[in-house]
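Just the heavy atoms: all of them, side chains too, but no hydrogens, waters or symmetry mates, feed the values below.
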Amino acid sequence: MEPLSWTGSIAILNPILMIALAALVVSIVVWIIGSIVLPEAPLSLNADGTLSSGTGLRGLTQSALRYSFFACVVLALAYIVLGILMGTSAGIVGAISQQFLPVWLSLIILFAMSIAFKRRLGLYGKLFDSPIGMIGFGLVMFWVFTGIFGALDLIITHDPLSQVSGMKNKVPGTPLQNPEDGEYAWYLLGGDNLARDVFSRMVKGAWIVVQIAPLATMFAFMVGITLGLPAGYYGGRLDTFLSFLANLILAFPVILLFYLLVTPEIVATGVPNYMAAVLFIFPILFIGVLLNSRYYTRPNFRTPLLIGVLGIALWLYLSLISTDGYIINTDDYGIWGLPTYLDLFDIPGGILVVFVSVVFVNSPTVFRIVRGLALDIKTRDYVAAAQTRGEGPWYIMLWEILPNARGPLIVDFCLRIGYTTILLGTLGFFGLGLPPESPDWGSTINEGRKLLSIYLHPALPPAFALLSLVLGLNLLADGLREESLKD
């Protein structure tokens, strides 16, 4: 069986792509230089009454940048479409495009439905009026769908932990020597130093990031909001005490704090489990206070709702922190938790430690942001009007202050997922938290960099995946910021 080239029978597009990329790079360089050297062009009115500022050299540069970028996007779509239709005949690009077919279909359906109903979807719908936001959202959802379908084994070509004889450090497109019946015949992105498929490990690594980063950030926001709102609203000693705790945590360097929390000696003491038991109770408190303040004047509806929602939340909480019937289980003693027959799921110890560490490190920063917003917004007239109506403090905090702080919080949420993704990659790079054989991107980059001077292919795919996801999150945050300011 012959090795696969990168583009196979669609190599005719390669020179065109190189020209488009060169034009894009030149346009970007000229645009940057022009922005520094040339003054801002004055605004002028067109014949139809619209504003125009793209005149002269800067206007030509902006047009060249726009069209070269559009040409690169069209060519990229051409590679993907032809690759899906031609499969391995289009080389590695075609084979990978075909493997990602569920992701492409999901993105098309998502974008089509979102654009069709964007006027009914609030801030999310307005995101599709921002080109930057759409690009960022597309990059993020690409990796989200990749993680989901990768977990269902609909994209991977081989077991990410299996080793195939003769495939150690093989270059991308290398065929298997003796493929079994039904086994994929190539290592699309080559093999690593343990003869494992780099492509499958990259796809599986996306699922680990999709699981941990958004959920950990959401938990951190619930902790920060639950503590930051009363600190900013009430002030006084409560604010002083909570701010002191937040500053105490923030005084530690982030990487050092992560290192201390995930070291085996600290894990053996059960400290992460105690932290999980404390931090994971905040989402329950947040949900309970939210529902109680919203339906406080309707006790006949509020009480059954709280009992049902909090009962399910408590069950999920105990399932989350209980392992083998224990909440805390050390060599010397144990604290009973949820019985195993009621335990819905067990989180592997390494993932739980990393998850708790991310929540613990991010919560103080979120607390300070929420506290600052609450200090500002509580002086507004609509808050005074709510106080005059006799609304309770938690109603005002959750239904007057928090909705009006959503713009900065949404932007920070997206950026913080990016920071968390980088931190997860850093932990994996240092071999901390997750098991050594884990396909997470940080661990994969760390394994690949040991032979980076000889073999580039094991480290580059996960590094590019991490880069593109963080870039997408930053672009998404920029798009949401622009639209929230317009809102």
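Screening residues 458-477 for salt bridge (Lys or Arg N to Asp or Glu O under 4.0 Å), with sequence neighbours left out, gives no hits. Residue pairs satisfying the salt bridge (Lys or Arg N to Asp or Glu O under 4.0 Å) criterion with at least one member in residues 407-424, sequence neighbours excluded, are listed as follows: Asp412-Arg416. Among residues at least two apart or in separate chains, salt bridge (Lys or Arg N to Asp or Glu O under 4.0 Å) pairs with a member in residues 228-239 are Asp239-Arg371.
Here Ile208 contributes atom CD1 and Thr421 contributes atom OG1; the two are 12.5 Å apart, rounded to the nearest 0.5 Å. Between the CE atom of Met397 and the OH atom of Tyr234 there is a distance of 4.0 Å, given to the nearest 0.5 Å. Here Leu154 contributes atom CG and Gln99 contributes atom CD; the two are 10.0 Å apart, rounded to the nearest 0.5 Å. Taking SG of Cys414 as the start and CG of Leu409 as the end, the distance is 11.0 Å to the nearest 0.5 Å. Rounding to the nearest 0.5 Å places CG of Leu101 at 4.5 Å from CG of Leu105. The CE atom of Met202 sits 9.5 Å away from the CG atom of Asp197 when rounded to the nearest 0.5 Å.
With sequence neighbours excluded, no residue satisfies salt bridge (Lys or Arg N to Asp or Glu O under 4.0 Å) with Arg120. Judged as a ring pair (Phe, Tyr, Trp, His ring centres under 6.0 Å), and not counting sequence neighbours, the contacts of Phe111 are Phe128, Phe137. Residues satisfying the ring pair (Phe, Tyr, Trp, His ring centres under 6.0 Å) criterion with Phe241, sequence neighbours excluded, are absent altogether.
Within the 4.5 Å cutoff, no side-chain heavy atoms of Val358 are placed close to those of Phe219. Counting heavy atoms from C-beta on, the side chains of Tyr233 and Ile396 come closer than 4.5 Å. In this structure the side chain of Phe360 never reaches within 4.5 angstrom of the side chain of Val223, judged on heavy atoms. Two residues are said to be in side-chain contact when any heavy atoms from C-beta on lie closer than 4.5 Å; Trp441 and Pro461 fail this criterion. Within the 4.5 Å cutoff, no side-chain heavy atoms of Leu189 are placed close to those of Leu460. Looking only at side-chain heavy atoms (C-beta outward), Ile155 and Lys204 stay at 4.5 Å or farther from each other. A 4.5 Å side-chain heavy-atom check between Asp440 and Val209 finds every atom pair outside the cut-off.
Under the 4.0 Å criterion applied to side-chain N and carboxylate O atoms, Arg119 and Asp129 are assigned as salt-bridge partners.
Between the side chain of Thr146 and the backbone N or O of Val203 there is no donor-acceptor pair closer than 3.5 Å. Here the side chain of Arg201 pairs a donor or acceptor atom with the backbone of Pro160 at under 3.5 angstrom. The backbone N or O of Val470 sits less than 3.5 Å from a side-chain atom of Asn474, completing a donor-acceptor pair. Asn404 places a side-chain N or O within 3.5 Å of a backbone atom of Glu400 that can act as its donor or acceptor partner. With hydrogens and angles disregarded, a donor-acceptor distance shorter than 3.5 Å links the side chain of Tyr317 to the backbone of Ala277. Remark: side-chain polar atoms of Ser68 are paired, donor with acceptor, to backbone N or O of Leu65 under 3.5 angstrom. Between the side chain of Asn292 and the backbone N or O of Gly288 there is no donor-acceptor pair closer than 3.5 Å. Between the side chain of Trp104 and the backbone N or O of Ser97, at least one donor-acceptor pair lies under 3.5 Å. Using a distance-only test at 3.5 Å, with no hydrogens or angles considered, a donor-acceptor pair links the side chain of Ser468 to the main chain of Ala465.
Proximity of the aromatic rings of Phe280 and Phe355 is defined here by a centroid distance below 6.0 angstrom, and this criterion is met. Checked against a 6.0 Å centroid threshold, the rings of Phe221 and Phe413 count as neighbours.
The shortest heavy-atom contact between Ser438 and Ser443 is O-CB, 3.7 Å. Scanning all heavy atoms of the two residues, the minimum distance from Gly479 to Leu127 falls at C-CD1, 4.0 Å. Closest approach of Ile156 and Gly150 over heavy atoms only: CG2-O, 4.5 Å. Closest approach of Thr444 to Pro458, counting heavy atoms only: CG2-O, 4.0 Å. The two residues Trp399 and Ser293 have their closest heavy-atom pair at NE1-OG, 3.1 Å. Annotation for Gly228 and Val370: closest pair C-CG1, 3.8 Å, computed over non-hydrogen atoms.
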Step by step, work out the side chain to side chain contact (heavy atoms under 4.5 Å, CB included) result for Leu310 and Leu314. CA-CA 6 Å; Leu310 294 182; Leu314 186 61; over 6 Å; no

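No more than 12 heavy-atom neighbours from other residues, nucleotides or ligands sit within 6.0 angstrom of CZ on Phe117. Taking a 6.0 Å sphere around OH of Tyr124, one finds it holds more than 12 heavy atoms contributed by other residues, nucleotides or ligands.
None of Trp143, Phe149, Phe142 except one satisfies the ring pair (Phe, Tyr, Trp, His ring centres under 6.0 Å) rule with Phe100; the exception is Phe142.
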